Amino acid sequence: PKAARPSMTPAVPFSKGSSPRPFKPGWLKKQLNKYALLPHVPKTIRETWTPITPAILMGFIGIVMYMGIVKLPARRMYWDLHRNIGVRGIQNCMTRDRFEDIARVLHFETFNPQAPKKGEPGFDKIRPVRIIFDMFKSACLSNWHMGQYVSVDEAMQKMKGKSPVRTYMPNKPVKYGYKFWCLCCAGTGYLYNFDIYQGKLQKEPEKNLGANVVMTLSAVLVAGSVVCYDRFFTSLLLVTLLLARGVRCIGTIMTNKKGF
(Lines give C-alpha, C1' and ligand atoms only; values in the text may rest on other atoms or scores of the structure.)
Protein backbone atom coordinates (compact mmCIF):
# COMPACT_ATOMS: atom_id res chain seq x y z
CA PRO A 1 0.00 0.00 0.00
CA LYS A 2 1.02 3.59 -0.65
CA ALA A 3 2.69 5.21 2.36
CA ALA A 4 0.80 8.05 3.98
CA ARG A 5 2.27 11.50 3.43
CA PRO A 6 3.47 13.36 6.51
CA SER A 7 1.28 16.19 7.76
CA MET A 8 2.20 19.57 6.27
CA THR A 9 0.17 21.57 8.79
CA PRO A 10 2.34 24.47 10.02
CA ALA A 11 3.17 24.58 13.70
CA VAL A 12 1.46 27.35 15.67
CA PRO A 13 3.37 29.10 18.46
CA PHE A 14 1.93 28.31 21.90
CA SER A 15 -0.33 25.63 20.37
CA LYS A 16 -2.13 23.05 22.48
CA GLY A 17 0.38 20.68 23.99
CA SER A 18 3.19 23.23 24.26
CA SER A 19 1.58 25.59 26.75
CA PRO A 20 -1.04 25.49 29.50
CA ARG A 21 -2.72 28.43 27.78
CA PRO A 22 -2.96 27.63 24.04
CA PHE A 23 -2.76 30.44 21.53
CA LYS A 24 -6.15 31.22 19.97
CA PRO A 25 -6.15 33.32 16.77
CA GLY A 26 -9.86 34.11 17.23
CA TRP A 27 -9.19 35.79 20.57
CA LEU A 28 -6.36 37.92 19.18
CA LYS A 29 -8.45 38.79 16.11
CA LYS A 30 -11.16 40.31 18.32
CA GLN A 31 -8.59 42.30 20.28
CA LEU A 32 -7.05 43.76 17.12
CA ASN A 33 -10.38 44.68 15.53
CA LYS A 34 -11.50 46.47 18.71
CA TYR A 35 -8.21 48.25 19.26
CA ALA A 36 -7.97 49.52 15.66
CA LEU A 37 -11.16 51.61 16.14
CA LEU A 38 -10.16 53.34 19.38
CA PRO A 39 -9.77 57.16 19.27
CA HIS A 40 -6.04 57.20 20.02
CA VAL A 41 -5.22 55.01 16.98
CA PRO A 42 -3.98 57.10 13.99
CA LYS A 43 -6.87 58.37 11.87
CA THR A 44 -5.39 56.95 8.66
CA ILE A 45 -5.66 53.44 10.14
CA ARG A 46 -8.93 53.89 11.99
CA GLU A 47 -10.89 55.14 8.96
CA THR A 48 -9.58 52.56 6.50
CA TRP A 49 -9.47 49.54 8.81
CA THR A 50 -10.96 46.33 7.44
CA PRO A 51 -11.67 43.66 10.09
CA ILE A 52 -9.12 40.88 9.94
CA THR A 53 -9.92 37.16 9.96
CA PRO A 54 -8.03 34.31 11.68
CA ALA A 55 -6.54 33.37 8.30
CA ILE A 56 -5.15 36.89 7.81
CA LEU A 57 -3.78 36.89 11.34
CA MET A 58 -2.01 33.57 10.86
CA GLY A 59 -0.60 34.90 7.60
CA PHE A 60 0.75 37.93 9.46
CA ILE A 61 2.39 35.68 12.08
CA GLY A 62 3.89 33.53 9.32
CA ILE A 63 5.38 36.60 7.63
CA VAL A 64 6.92 37.76 10.91
CA MET A 65 8.47 34.33 11.47
CA TYR A 66 9.83 34.27 7.91
CA MET A 67 11.36 37.73 8.38
CA GLY A 68 13.14 36.45 11.47
CA ILE A 69 14.78 33.68 9.42
CA VAL A 70 15.37 35.39 6.05
CA LYS A 71 16.52 38.90 6.86
CA LEU A 72 16.65 41.79 4.40
CA PRO A 73 18.13 45.27 5.06
CA ALA A 74 14.69 46.93 5.13
CA ARG A 75 11.21 45.54 5.77
CA ARG A 76 9.76 47.11 2.64
CA MET A 77 12.14 45.04 0.51
CA TYR A 78 10.05 41.89 1.05
CA TRP A 79 7.45 43.54 -1.19
CA ASP A 80 9.97 44.74 -3.78
CA LEU A 81 8.84 43.87 -7.31
CA HIS A 82 12.35 42.91 -8.42
CA ARG A 83 12.44 39.12 -8.77
CA ASN A 84 15.82 38.84 -7.00
CA ILE A 85 14.76 40.91 -3.98
CA GLY A 86 11.05 40.58 -3.18
CA VAL A 87 9.42 37.46 -1.73
CA ARG A 88 6.49 36.33 -3.86
CA GLY A 89 4.89 34.29 -1.07
CA ILE A 90 4.70 37.33 1.23
CA GLN A 91 3.39 39.52 -1.57
CA ASN A 92 0.63 37.03 -2.32
CA CYS A 93 -0.32 36.79 1.36
CA MET A 94 -0.99 40.49 1.98
CA THR A 95 0.02 43.97 0.85
CA ARG A 96 2.76 45.92 2.55
CA ASP A 97 0.34 48.60 3.81
CA ARG A 98 -1.94 45.93 5.32
CA PHE A 99 1.02 44.35 7.10
CA GLU A 100 2.18 47.70 8.47
CA ASP A 101 -1.33 48.59 9.70
CA ILE A 102 -1.63 45.28 11.58
CA ALA A 103 1.86 45.73 13.04
CA ARG A 104 0.95 49.20 14.34
CA VAL A 105 -2.19 48.07 16.16
CA LEU A 106 -0.88 44.67 17.26
CA HIS A 107 -1.39 44.25 20.99
CA PHE A 108 -2.53 41.55 23.38
CA GLU A 109 -4.36 43.44 26.08
CA THR A 110 -7.68 45.28 26.27
CA PHE A 111 -7.15 49.05 26.32
CA ASN A 112 -7.79 50.29 29.86
CA PRO A 113 -7.48 54.04 30.55
CA GLN A 114 -7.57 53.25 34.29
CA ALA A 115 -4.41 51.14 34.17
CA PRO A 116 -1.61 52.30 36.53
CA LYS A 117 0.60 54.97 35.02
CA LYS A 118 4.35 55.44 35.29
CA GLY A 119 5.37 56.04 38.89
CA GLU A 120 2.22 54.42 40.29
CA PRO A 121 2.20 51.02 42.06
CA GLY A 122 1.46 48.18 39.66
CA PHE A 123 2.73 49.98 36.54
CA ASP A 124 3.85 47.52 33.84
CA LYS A 125 5.78 48.76 30.80
CA ILE A 126 5.14 45.54 28.86
CA ARG A 127 1.43 45.40 29.66
CA PRO A 128 0.48 45.36 25.92
CA VAL A 129 2.32 42.03 25.50
CA ARG A 130 2.19 40.71 29.07
CA ILE A 131 -0.25 37.89 28.27
CA ILE A 132 2.01 36.48 25.51
CA PHE A 133 5.07 36.98 27.72
CA ASP A 134 3.44 34.93 30.49
CA MET A 135 2.29 32.26 27.99
CA PHE A 136 5.87 31.70 26.90
CA LYS A 137 7.09 31.62 30.49
CA SER A 138 4.41 29.04 31.40
CA ALA A 139 5.54 26.88 28.47
CA CYS A 140 9.16 27.01 29.69
CA LEU A 141 8.13 26.05 33.21
CA SER A 142 5.88 23.17 32.18
CA ASN A 143 8.16 21.43 29.68
CA TRP A 144 11.25 20.71 31.77
CA HIS A 145 12.17 19.14 35.10
CA MET A 146 14.98 21.12 36.68
CA GLY A 147 18.06 19.51 38.16
CA GLN A 148 19.52 20.39 41.53
CA TYR A 149 21.86 23.10 40.23
CA VAL A 150 20.56 26.23 38.52
CA SER A 151 22.15 29.49 37.45
CA VAL A 152 20.85 33.07 37.58
CA ASP A 153 22.30 35.76 35.34
CA GLU A 154 21.37 38.56 32.98
CA ALA A 155 21.07 38.31 29.19
CA MET A 156 20.81 40.99 26.51
CA GLN A 157 18.75 40.71 23.33
CA LYS A 158 20.05 43.22 20.79
CA MET A 159 17.50 45.85 19.75
CA LYS A 160 18.17 49.44 18.65
CA GLY A 161 14.58 50.48 17.93
CA LYS A 162 12.23 52.45 20.16
CA SER A 163 10.92 50.65 23.22
CA PRO A 164 10.07 51.69 26.80
CA VAL A 165 12.13 48.77 28.12
CA ARG A 166 15.22 49.20 25.96
CA THR A 167 18.35 49.20 28.12
CA TYR A 168 21.76 50.77 27.50
CA MET A 169 24.77 48.95 28.97
CA PRO A 170 28.01 50.59 27.72
CA ASN A 171 30.32 47.96 29.20
CA LYS A 172 28.62 44.97 27.56
CA PRO A 173 29.22 43.48 24.06
CA VAL A 174 25.53 44.16 23.29
CA LYS A 175 25.06 47.75 24.40
CA TYR A 176 21.44 48.36 23.37
CA GLY A 177 18.56 45.94 23.76
CA TYR A 178 16.19 44.10 26.05
CA LYS A 179 17.70 43.00 29.33
CA PHE A 180 16.40 39.74 30.80
CA TRP A 181 16.94 38.12 34.16
CA CYS A 182 17.23 34.38 33.53
CA LEU A 183 17.16 31.24 35.65
CA CYS A 184 18.62 28.34 33.68
CA CYS A 185 19.53 24.71 34.26
CA ALA A 186 23.26 24.70 35.09
CA GLY A 187 23.77 21.40 33.26
CA THR A 188 21.90 21.98 30.00
CA GLY A 189 21.42 25.76 29.80
CA TYR A 190 17.64 25.33 29.44
CA LEU A 191 15.79 28.59 30.15
CA TYR A 192 13.40 27.70 32.96
CA ASN A 193 12.23 31.03 34.36
CA PHE A 194 12.86 34.62 33.34
CA ASP A 195 11.70 38.22 33.56
CA ILE A 196 12.42 41.39 31.64
CA TYR A 197 14.14 44.37 33.25
CA GLN A 198 11.87 47.40 33.00
CA GLY A 199 14.10 49.96 34.66
CA LYS A 200 12.98 52.01 37.62
CA LEU A 201 9.18 51.83 37.75
CA GLN A 202 8.64 54.11 40.74
CA LYS A 203 10.17 57.34 41.97
CA GLU A 204 11.82 55.70 44.97
CA PRO A 205 15.36 54.32 44.39
CA GLU A 206 15.69 50.58 43.86
CA LYS A 207 17.06 48.66 46.84
CA ASN A 208 18.53 45.14 46.89
CA LEU A 209 17.86 44.67 43.16
CA GLY A 210 20.06 41.58 42.86
CA ALA A 211 18.46 39.86 45.85
CA ASN A 212 14.95 40.68 44.63
CA VAL A 213 15.70 39.22 41.19
CA VAL A 214 17.05 35.94 42.56
CA MET A 215 14.21 35.55 45.07
CA THR A 216 11.59 36.16 42.39
CA LEU A 217 13.08 33.74 39.84
CA SER A 218 13.89 31.04 42.41
CA ALA A 219 10.33 30.97 43.77
CA VAL A 220 9.67 28.02 41.43
CA LEU A 221 12.47 25.91 42.95
CA VAL A 222 12.07 23.16 45.52
CA ALA A 223 13.98 22.79 48.77
CA GLY A 224 17.43 21.30 48.22
CA SER A 225 18.13 23.23 45.03
CA VAL A 226 21.41 25.12 44.59
CA VAL A 227 21.45 28.55 42.92
CA CYS A 228 24.67 29.85 41.33
CA TYR A 229 25.22 33.54 40.53
CA ASP A 230 27.91 36.21 40.23
CA ARG A 231 28.94 39.11 42.48
CA PHE A 232 26.18 41.42 41.24
CA PHE A 233 23.56 39.32 43.02
CA THR A 234 25.52 38.09 46.05
CA SER A 235 24.67 39.57 49.44
CA LEU A 236 24.29 38.27 52.98
CA LEU A 237 20.62 39.24 52.86
CA LEU A 238 20.07 37.01 49.81
CA VAL A 239 21.88 34.07 51.39
CA THR A 240 19.70 34.37 54.49
CA LEU A 241 16.48 34.54 52.48
CA LEU A 242 17.39 31.54 50.33
CA LEU A 243 18.36 29.40 53.30
CA ALA A 244 14.96 30.16 54.86
CA ARG A 245 13.44 28.44 51.81
CA GLY A 246 15.79 25.49 52.02
CA VAL A 247 17.71 26.63 48.93
CA ARG A 248 21.51 26.80 49.00
CA CYS A 249 23.65 29.11 46.87
CA ILE A 250 27.08 29.52 45.33
CA GLY A 251 28.37 32.95 44.41
CA THR A 252 31.31 35.32 44.44
CA ILE A 253 31.38 38.43 46.61
CA MET A 254 33.57 41.53 46.87
CA THR A 255 35.16 42.07 50.28
CA ASN A 256 34.37 45.80 50.16
CA LYS A 257 30.66 45.25 49.47
CA LYS A 258 28.28 46.87 51.93
CA GLY A 259 27.21 44.45 54.66
CA PHE A 260 30.08 41.99 54.10
Side-chain angles (χ1 to χ4, degrees), residues 13-14 19-43 45-46 49 52 57 61 64 101-142 152-169 176-183 191-221 232-233 235 237-238 241 245:
F14 312 111
S19 170
R21 304 176 61 185
F23 176 79
K24 297 179 180 180
W27 163 80
L28 183 54
K29 177 205 69 173
K30 293 179 181 179
Q31 294 294 321
L32 284 173
N33 288 331
K34 288 180 181 179
Y35 189 86
L37 302 179
L38 293 176
H40 66 279
V41 174
K43 187 177 180 180
I45 296 178
R46 192 171 65 249
W49 180 260
I52 64 172
L57 179 59
I61 295 175
V64 172
D101 286 349
I102 295 175
R104 293 185 69 179
V105 301
L106 182 65
H107 82 298
F108 305 92
E109 187 72 23
T110 303
F111 177 69
N112 180 14
Q114 304 301 324
K117 296 178 174 56
K118 187 175 182 180
E120 298 179 352
F123 176 67
D124 187 3
K125 289 184 179 180
I126 66 167
R127 180 176 174 272
V129 295
R130 171 59 69 180
I131 189 170
I132 294 295
F133 188 89
D134 290 343
M135 275 186 187
F136 184 74
K137 183 186 294 188
S138 296
C140 291
L141 290 169
S142 62
V152 173
D153 206 349
E154 62 186 27
M156 286 286 288
Q157 174 60 48
K158 186 176 181 180
M159 202 285 293
K160 291 188 177 181
K162 294 182 179 180
S163 173
V165 292
R166 189 186 70 164
T167 302
Y168 174 60
M169 302 184 68
Y176 291 94
Y178 299 117
K179 179 178 178 178
F180 291 91
W181 305 114
C182 303
L183 184 146
L191 177 64
Y192 190 64
N193 196 12
F194 62 94
D195 203 358
I196 189 169
Y197 178 63
Q198 301 188 40
K200 189 170 69 172
L201 298 178
Q202 300 183 18
K203 296 180 181 179
E204 294 78 12
E206 292 179 312
K207 295 182 179 180
N208 302 316
L209 175 61
N212 291 335
V213 168
V214 175
M215 292 302 295
T216 300
L217 295 180
S218 63
V220 297
L221 300 179
F232 174 80
F233 302 95
S235 68
L237 171 63
L238 176 58
L241 294 174
R245 289 183 178 176

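Throughout, numbering of the chain's residues begins at 1 and tracks the sequence. Keep in mind the model is a prediction, meaning the values are calculated, not measured.
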How far apart are the C-alpha atoms of L183 and L221, what are their side-chain angles, what is the distance that settles it, and do they pass the side chain to side chain contact (heavy atoms under 4.5 Å, CB included) test?
CA-CA 10 Å; L183 184 146; L221 300 179; 4.2 Å; yes
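- Because its NZ or CZ atom is not both nearer than 6.0 Å to the ring centre of Y176 and within 45° of the ring axis, K158 does not count as a cation-pi partner of that residue.
- Distance alone, capped at 3.5 Å, places no donor-acceptor pair between the K160 side chain and the G177 backbone.
- Residues V220 and Y192 have side chains in contact (heavy-atom distance under 4.5 Å, counting atoms from C-beta outward).
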Take L209 and W181 through the test side chain to side chain contact (heavy atoms under 4.5 Å, CB included) and record every step on the way to the result.
CA-CA 11 Å; L209 175 61; W181 305 114; 4.3 Å; yes
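- In this structure, the separation between CD1 on I52 and CG on L28 is 6.5 Å, given to the nearest 0.5 Å.
- Heavy atoms only, all atoms of each residue included: S218 and R245 are closest at OG-NH1, 3.3 Å.
- Taken to the nearest 0.5 Å, the CG atom of D101 stands 11.5 Å off from the CG atom of L32.
- Between the NZ atom of K34 and the NZ atom of K29 there is a distance of 10.5 Å, given to the nearest 0.5 Å.
- Side-chain contact between P116 and R127: absent, with no pair of heavy atoms (C-beta onward) separated by less than 4.5 Å.
- Taking CG of L191 as the start and SG of C140 as the end, the distance is 5.0 Å to the nearest 0.5 Å.
- By the ring-ring contact (aromatic ring centres under 6.0 Å, His included) test, W49 pairs with no residue at all, sequence neighbours left out.
- Across all non-hydrogen atoms, the minimal contact from I126 to Q198 is N-OE1, 3.9 Å.
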Go through H40 and Y35 one step at a time and tell me if the side chain to side chain contact (heavy atoms under 4.5 Å, CB included) criterion holds.
CA-CA 9 Å; H40 66 279; Y35 189 86; 3.2 Å; yes
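- We find the CZ-CG distance between R130 and D124 to be 4.0 Å, quoted to the nearest 0.5 Å.
- The six-membered or imidazole ring of Y178 lies away from that of Y197, with a centre-to-centre distance of 6.0 Å or more.
- Here the CZ-CG distance, from F233 to L217, works out to 8.0 Å after rounding to the nearest 0.5 Å.
- Between F180 and F133, the ring planes are parallel. Angles under 30° get that label, and only those over 60° would be called perpendicular.
- Shown here is R104, whose CZ atom has no more than 12 heavy atoms of other residues, nucleotides or ligands within 6.0 Å.
- Side-chain contact check for K179 versus V165: every heavy-atom pair is 4.5 Å or farther apart.
- Between the side chain of R46 and the main chain of V41, a donor-acceptor pair closer than 3.5 Å is present.
- Between the side chain of S235 and the backbone N or O of L238 there is at least one donor-acceptor pair closer than 3.5 Å.
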For side chain to side chain contact (heavy atoms under 4.5 Å, CB included), just list the numbers for S163 and K125, CA-CA rounded to whole Å, side-chain angles, deciding distance to a tenth of an Å, and then say yes or no.
CA-CA 9 Å; S163 173; K125 289 184 179 180; over 6 Å; no
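- Listed here is the closest heavy atom pair of R166 and G161: CD-O, 3.4 Å.
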